[in-house]
Amino acid sequence: MKNFRHIIVLLAVSIKLAAQPQTANYQYKIDLLNVKDDKVLVTFTPPQNNLKEGKYIIPRMVPGYYHAMDFGQYISDFKAVDHKGKPIEVKKLDVNTWMVADLKNAAEISYLVSDGWEHLTQQTGGAKSPASMFKKDSLFIINYNSLVGYFDEVTTAGYDITVKKNTEFYPSSALKYIPKNDTIDVTSAKDYRHLVDSPVFYCVPDTTWLKVGNTNVLVSFFSGEHKSFSKNLATKLETILTNQQTYLGGKLPVNEYAFLIYHEEMPRGLLGDGLEHSNSTVCLYASPTLDKLPEALMGVASHEFFHILTPLNIHSGEIQEFNFLNPVLSKHLWLYEGMTEYATIHMPVKQRMISLPDFAKVIEGKVKGMEQFDNHLSMTEMSAKAIDRQDQYMNFYQTGPLVGLCLDIRLRELSGGKIGTQDLMQKLMKKFGSEKAFKDEELFDEITAMTFPEIRQFFKDYVEQGEPIPLKESLQKAGLAYDQASKVITAIDNPSKSQLSLRKAWINQ
């Protein structure tokens with residue numbers, strides 16, 4: 001009787017697997033309902049193929065975070081079976097890759113996924129925002145790069161995702177999730193890059209929608225200790241986004257955007273972590289109360305939202321065709337991070353959200369910040385070697401925006417105040433956009449052709465060769481004095497008409 005029952009079970013498994021044939025897409029099932037030991041079961045059927053074997057990859061790195069995280073470390077119990085339920089040989093090659101034999105006959109591949117962090121104060125050796133977190137009865141923060149992979153031989157297929165979840169949970173994401181019933185949602189992405197680009201929160205939602213121009217903005221908030229706070233955050237975000245819209249020429253370059261914001265309590269201080277995506281941002285915070293959260297969110301949200309310009313709409317082939325296992329890095333982190341941070345500090349003064357003295361204090365902070373780093377290094381070389389030079393990486397947020405400031409003033413000077421970095425970024429975005437990459441070696445020549453011949457020398461001196469940035473000379477052109485000894489910036493007494501005119505064009509003050 002026991003053997004007869006075993007035969008029935010095998011038959012049922014065989015019928016079940018036969019009902020899930022290979023299609024043109026990866027077909028994934030993610031079970032958030034039956035979590036055991038903080039592990040999520042992931043099963044999938046590979047796309048149609050004729051391969052004797054295939055190398056399955058879980059990312060080592062992801063775009064926007066230039067440090068190896070080895071997401072394969074969270075994968076266990078990796079198995080594969082054919083349409084009859086017969087095991088297929090699987091060999092683990094290293095922490096992030098598995099070789100699956102007889103891939104053309106693989107009916108189902110399965111594995112368990114552990115989350116990358118439990119609490120924001122947990123020491124995990126890296127950022128939390130690119131990883132996933134599972135709290136069975138309250139929240140799942142899902143970055144697909146830690147749950148879903150791809151075969152090295154099948155990289156252009158689409159993804160169909162089925163999520164089993166708690167009946168009370170709803171998804172917050174830039175991806176569209178369609179409910180099939182109370183516990184099943186489905187979504188899809190045209191390829192792996194677009195799937196990884198769209199994280200999701202699954203929880204009982206605290207959400208608020210905004211309409212900023214033509215853009216629908218979702219603010220989704222979760223805190224285990226506090227409820228109904230998304231409206232407070234949305235009010236603050238609306239101010240930032242409205243001013244960003246004006247700064248970007250009157251229209252935001254996305255139709256929909258999602259802010260996914262997580263908070264947890266800690267005894268004192270404030271801890272923040274964020275990662276940008278094309279149509280969403282993950283922001284993670286720990287603090288004793290929510291009192292300081294809205295203001296803390298402003299700087300992070302503004303910076304991450306400005307990433308819709310670069311690298312999301314202006315990027316090189318290294319990012320367009322990002323190698324998740326062994327990436328070749330672009331030379332232009334000065335653009336992706338430095339110019340994004342410059343827009344973050346420039347927008348408030350240009351839109352008169354802050355005063356000129358307040359803006360001067362921000363610049364002074366960047367000057368003091370860059371002193372912690374080696375400012376004789378080439379920013380292009382440092383960018384290409386960002387994985388190995390983690391000790392210098394944060395300088396892109398200090399010296400990077402100061403390069404942007406000097407570039408902005410130089411462009412205003414050469415154009416009689418008519419053209420600045422705002423205009424330059426719009427031109428680059430118009431020429432390239434999200435699906436067209438520039439060539440890494442040609443960017444400086446592209447910008448020079450769009451602007452002025454003198455700009456090529458600017459990039460050679462201050463980005464490629466690591467010459468000291470001309471901060472004192474640049475600020476003086478706008479009627480501001482910079483004391484290099486005290487590192488204090490003040491307005492010049494009795495500035496000339498040309499200085500006042502350039503300052504007006506530059507910061508509208």
Side-chain angles (χ1 to χ4, degrees), residues 232-233 235-248 270 272 274 283 285 287 291-307 309 337-372 394-413 417 420-422 425 469-496 499-509:
N232 301 56
L233 299 176
T235 300
K236 285 284 188 179
L237 285 169
E238 187 171 21
T239 300
I240 289 287
L241 294 174
T242 300
N243 281 282
Q244 284 180 315
Q245 177 181 241
T246 304
Y247 184 83
L248 294 173
L270 177 67
C283 298
Y285 292 96
S287 62
D291 296 347
K292 296 182 179 180
L293 182 57
E295 291 301 326
L297 177 65
M298 293 308 97
V300 174
S302 180
H303 177 97
E304 302 302 345
F305 188 82
F306 268 127
H307 274 301
L309 296 180
E337 296 299 341
M339 288 300 295
T340 297
E341 183 63 11
Y342 175 63
T344 303
I345 66 173
H346 183 237
M347 183 274 289
V349 69
K350 188 71 179 283
Q351 298 306 123
R352 291 185 172 271
M353 298 173 68
I354 64 173
S355 66
L356 175 55
D358 289 337
F359 181 53
K361 292 294 183 185
V362 174
I363 300 172
E364 292 168 5
K366 295 298 182 185
V367 172
K368 293 173 183 176
M370 76 177 185
E371 290 183 331
Q372 306 172 44
M394 292 305 294
N395 199 19
F396 286 108
Y397 300 89
Q398 308 300 326
T399 302
L402 297 178
V403 169
L405 181 152
C406 295
L407 175 61
D408 199 359
I409 291 176
R410 183 66 170 138
L411 288 170
R412 295 288 179 189
E413 179 189 24
T421 53
Q422 290 168 265
M425 300 300 277
I469 58 175
L471 185 61
K472 182 179 179 69
E473 299 91 328
S474 298
L475 291 173
Q476 188 170 8
K477 294 172 184 177
L480 299 176
Y482 169 54
D483 186 308
Q484 290 180 308
S486 65
K487 298 182 175 50
V488 172
I489 298 168
T490 55
I492 293 174
D493 293 333
N494 302 314
S496 68
Q499 287 174 320
L500 288 175
S501 177
L502 195 150
R503 185 197 300 174
K504 181 71 173 178
W506 171 44
I507 58 173
N508 195 30
Q509 297 202 35

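Remark: Lys487 NZ to Ile363 CD1 distance equals 15.0 Å, nearest 0.5 Å. Interatomic distance, Leu402 CG to Ile469 CD1, rounded to the nearest 0.5 Å: 4.5 Å. To the nearest 0.5 Å, atom CD1 of residue Ile507 and atom NZ of residue Lys350 are 9.5 Å apart. Taking SG from Cys406 and CG from Leu475, the interatomic distance works out to 7.0 Å, rounded to the nearest 0.5 Å. Glu371 CD to Asn395 CG: the interatomic distance, rounded to the nearest 0.5 Å, is 11.0 Å. Between atom CG of residue Leu297 and atom NZ of residue Lys292 there is a gap of 15.5 Å, rounded to the nearest 0.5 Å.
In this structure, Glu413 pairs ionically with Lys477, as a charged nitrogen and a carboxylate oxygen lie closer than 4.0 Å. A salt bridge links Arg412 with Asp408; the closest basic N to acidic carboxylate O contact falls under 4.0 Å.
Here Phe306 and Tyr342 keep their ring centres 6.0 angstrom or further from each other.
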- Message: Would Val300 and Tyr285 count as a side chain to side chain contact (heavy atoms under 4.5 Å, CB included) here? Give the steps.
- Response: CA-CA 11 Å; Val300 174; Tyr285 292 96; 3.3 Å; yes
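Considering only heavy atoms from C-beta on, Tyr482 stays 4.5 Å or farther from Gln476 through its side chain. In this structure the side chain of Leu480 reaches within 4.5 angstrom of the side chain of Trp506, judged on heavy atoms. A 4.5 Å side-chain heavy-atom check between Met353 and Ile240 finds at least one atom pair inside the cut-off.
Closest approach of Ile354 and Gln509 over heavy atoms only: O-NE2, 2.9 Å. Taking all atoms of both residues into account, the shortest heavy-atom contact from Pro495 to Arg503 is CG-NH2, 4.4 Å.
No more than 12 heavy atoms of other residues, nucleotides or ligands lie within 6.0 Å of NZ in Lys361, so this atom counts as exposed by the packing criterion.
Applying side-chain hydrogen bond (donor to acceptor under 3.5 Å, both in side chains) to Tyr397 and the options His303, Glu337, Glu341 leaves one that passes, Glu337.
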